[in-house]
Chemist: 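Just passing along the structure, written as structure tokens.
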2 protein chains.
Amino acid sequence: MTARPKVRPGKRTNDPEGLRKRVIDVAEASFQARGYHASSLGDLMAAAGVTGGALHHHFPTKKALALAVIEERVAAAVEATWIAPVQAAGSAREGVRSVFEAVAAELEQQGFVRGCPLNNLAHELSLADPDLRAALAGIFSAWRQAIADKVRADQQAGREQDTDPQRFAALAVATYSGAMSMAKTAQDSGVLRDCLNALEQEASPASSSKGEAVAKRRRRVLRQYKAF
Amino acid sequence: MTARPKVRPGKRTNDPEGLRKRVIDVAEASFQARGYHASSLGDLMAAAGVTGGALHHHFPTKKALALAVIEERVAAAVEATWIAPVQAAGSAREGVRSVFEAVAAELEQQGFVRGCPLNNLAHELSLADPDLRAALAGIFSAWRQAIADKVRADQQAGREQDTDPQRFAALAVATYSGAMSMAKTAQDSGVLRDCLNALEQEASPASSSKGEAVAKRRRRVLRQYKAF
DNA sequence: TTGACAAAACAGGACAACCGGTCTGTTTTA
DNA sequence: TAAAACAGACCGGTTGTCCTGTTTTGTCAA
């Protein structure tokens, strides 16, 4: 965790970037765990060890803080979790598969599903404010674009000739988003593997008949249910 | 709209069921348009033409009201929009396809995407309260179950032998949920058709090579953006 | 190096609006 | 005639924001 300012009476050390980072850290975590409206600035101030004046200096309104979290953290999370791995993968399908498995494995290890940060905020805020909605929509768009671009790269290598890049990307993003929504609601990460298997079994163009013994899916109901 | 009580000074007519219905009507619409936390009981009371005493008599807490909306309205919406059409369809795939198209057409006509009521509330409330989460998870479960059951019926008729019912159902629900999330955030219902086409083009087991001229998808950015 | 000084950074209280819930009392109805 | 249904005021707590003042820091002339 980021260090709080030392308790040195009479002395003070300005650290604008550090303080701003601490606030956004706390806000990102709280928005993800409790949502935007349920996160009060008072709680965030206490958790970050920041006074009202300092918070207001860096983020004049709560909306400004949300915008910063979206543009700096949520976008980065999508970039790190999805865009970079897909670009680095051998193919678009392989990239999608690896991300699904990585996230599924992470959720199973964590034992608790907080959901997708982008979708969490998108549901709560996209109808509430046009600016926030635009920022969130931009992240969705970049996400889709990266996958579609990867499909096009595959096509230039002679593969995926019968695949529509835009549609494939939409399907991947939608399936993941919906699977995370269900996983969060049911607190069961197994849905992710169900969806991935359904995509692989059915959505692969080289599949006309593969009814071999399918590895029985494991339902992994998460044990603990604790808030943030 | 449901009628408000007549302005008859000195006279009153008790109408428990009607009043309760009016409150749930308003709550359902407000939760869908603004979300749970952004909907104040004061606004709901004013919109429904109900006093604080009456509201408290029918719904002691805000959570009780949310639970009623979820159990009576959201569940019914999923039943009417998804379960019944799928059961009535000629096959599971045909049912899924028809629902996607029906919703897409409805959204295009409305010109505004409010999102899926179940997913909207699930994102905001499933981590906030165990009871609400359980209620929401139950609706997701019934939704998946109905689709899986339809696949099994298809299988007993000799079709869909290579399809895993549970996985297919998970994929359908996840794709729809995610597509609605994107459509709401982008205020563009075209994603639904993208996802449906991707599912049909790729997820059909009888598809090994169909690269015929794909009908160019139409991107239909919705014009108006007004809050409830 | 120092001292002046303006701007940035931070502290902390104040506040008005609002929220959800409770309470008492009245009217309707079975 | 008692319970259900409804009216309406009331309250403590919280929320987001604003405001005034203090401290730190960067800048630049001397």
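Just so you know, these numbers use all the heavy atoms, side chains as well, and skip hydrogens, waters and symmetry mates. Numbered from 1 within each chain, the chains take letters A, B, ... in sequence-line order.
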Chemist: Answer yes or no: does a side-chain N or O of A:His58 lie under 4.0 Å from OP1 or OP2 of C:dA8?
Modeler: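 The answer is no; no side-chain N or O of A:His58 sits under 4.0 Å from OP1 or OP2.
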Chemist: Which is it for A:Lys184 and A:Asn120 under the side chain to side chain donor-acceptor pair (under 3.5 Å) test, yes or no, and what are the steps along the way?
Modeler: CA-CA 10 Å; A:Lys184 175 182 175 182; A:Asn120 285 348; 3.0 Å; yes
Chemist: Nearest to the side chain of A:Thr51, which nucleotide is it out of C:dA11, D:dA7, D:dA5?
Modeler: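 Closest nucleotide to the A:Thr51 side chain: C:dA11.
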Chemist: Do B:Lys62 and B:Tyr36 meet the cation-pi criteria used here (NZ or CZ under 6.0 Å from the six-membered ring centre, within 45° of the axis)?
Modeler: yes
Chemist: Would you call B:Tyr176 and B:Leu196 a side-chain contact if the rule is heavy atoms closer than 4.5 Å?
Modeler: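 B:Tyr176 does not reach B:Leu196 side chain to side chain.
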Chemist: Is A:Trp82 close to A:Val96 at the side-chain level, that is, under 4.5 Å between some pair of heavy atoms?
Modeler: yes
Chemist: Under 4.0 Å between a side-chain N or O of A:His57 and OP1 or OP2 of C:dA9?
Modeler: yes
Chemist: Grab the N/O contacts between the protein and nucleotides 14-17 of chain C below 3.5 Å, and write none if there aren't any.
Modeler:
none

Chemist: Between A:Val74 and A:Ile139, is there a side-chain heavy-atom distance shorter than 4.5 Å?
Modeler: yes
Chemist: Does A:Arg12 make a side-chain donor-acceptor contact with the base of D:dT23, cut-off 3.5 Å?
Modeler: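 Result: at least one qualifying N/O pair found.
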Chemist: Which whole-number value in Å describes the distance from B:Asn14 CG to C:dT29 P?
Modeler: 5 Å
Chemist: In sequence, state the C-alpha distance, the side-chain angles, and the governing distance for A:Glu124 and A:His37, and then conclude on side chain to side chain donor-acceptor pair (under 3.5 Å).
Modeler: CA-CA 8 Å; A:Glu124 193 178 357; A:His37 285 104; 2.9 Å; yes
Chemist: Would you tabulate the pairs of protein nitrogen or oxygen atoms and nucleotide nitrogen or oxygen atoms of nucleotides 14-17 of chain D closer than 3.5 angstrom?
Modeler:
residue: D:dT15; atom: OP1; partner: A:Ser40; partner atom: OG; Å: 3.4
residue: D:dG16; atom: OP1; partner: A:Lys62; partner atom: NZ; Å: 2.5
residue: D:dG16; atom: OP2; partner: A:Leu41; partner atom: N; Å: 2.7
residue: D:dT17; atom: OP2; partner: A:Lys62; partner atom: N; Å: 2.9

Chemist: Atom CZ of A:Arg20 to atom P of C:dC10: distance rounded to whole Å?
Modeler: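 About 12 Å, once rounded to whole Å.
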Chemist: Between B:Glu17 and B:Lys21, is there a side-chain heavy-atom distance shorter than 4.5 Å?
Modeler: no
Chemist: What's the CG-C1' distance between A:Asp15 and D:dT24, to the nearest Å?
Modeler: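 So the CG-C1' distance, A:Asp15 to D:dT24, works out to 12 Å.
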Chemist: Answer whether the closest heavy-atom distance between the side chains of A:His57 and A:Leu55 falls below 4.5 Å.
Modeler: no
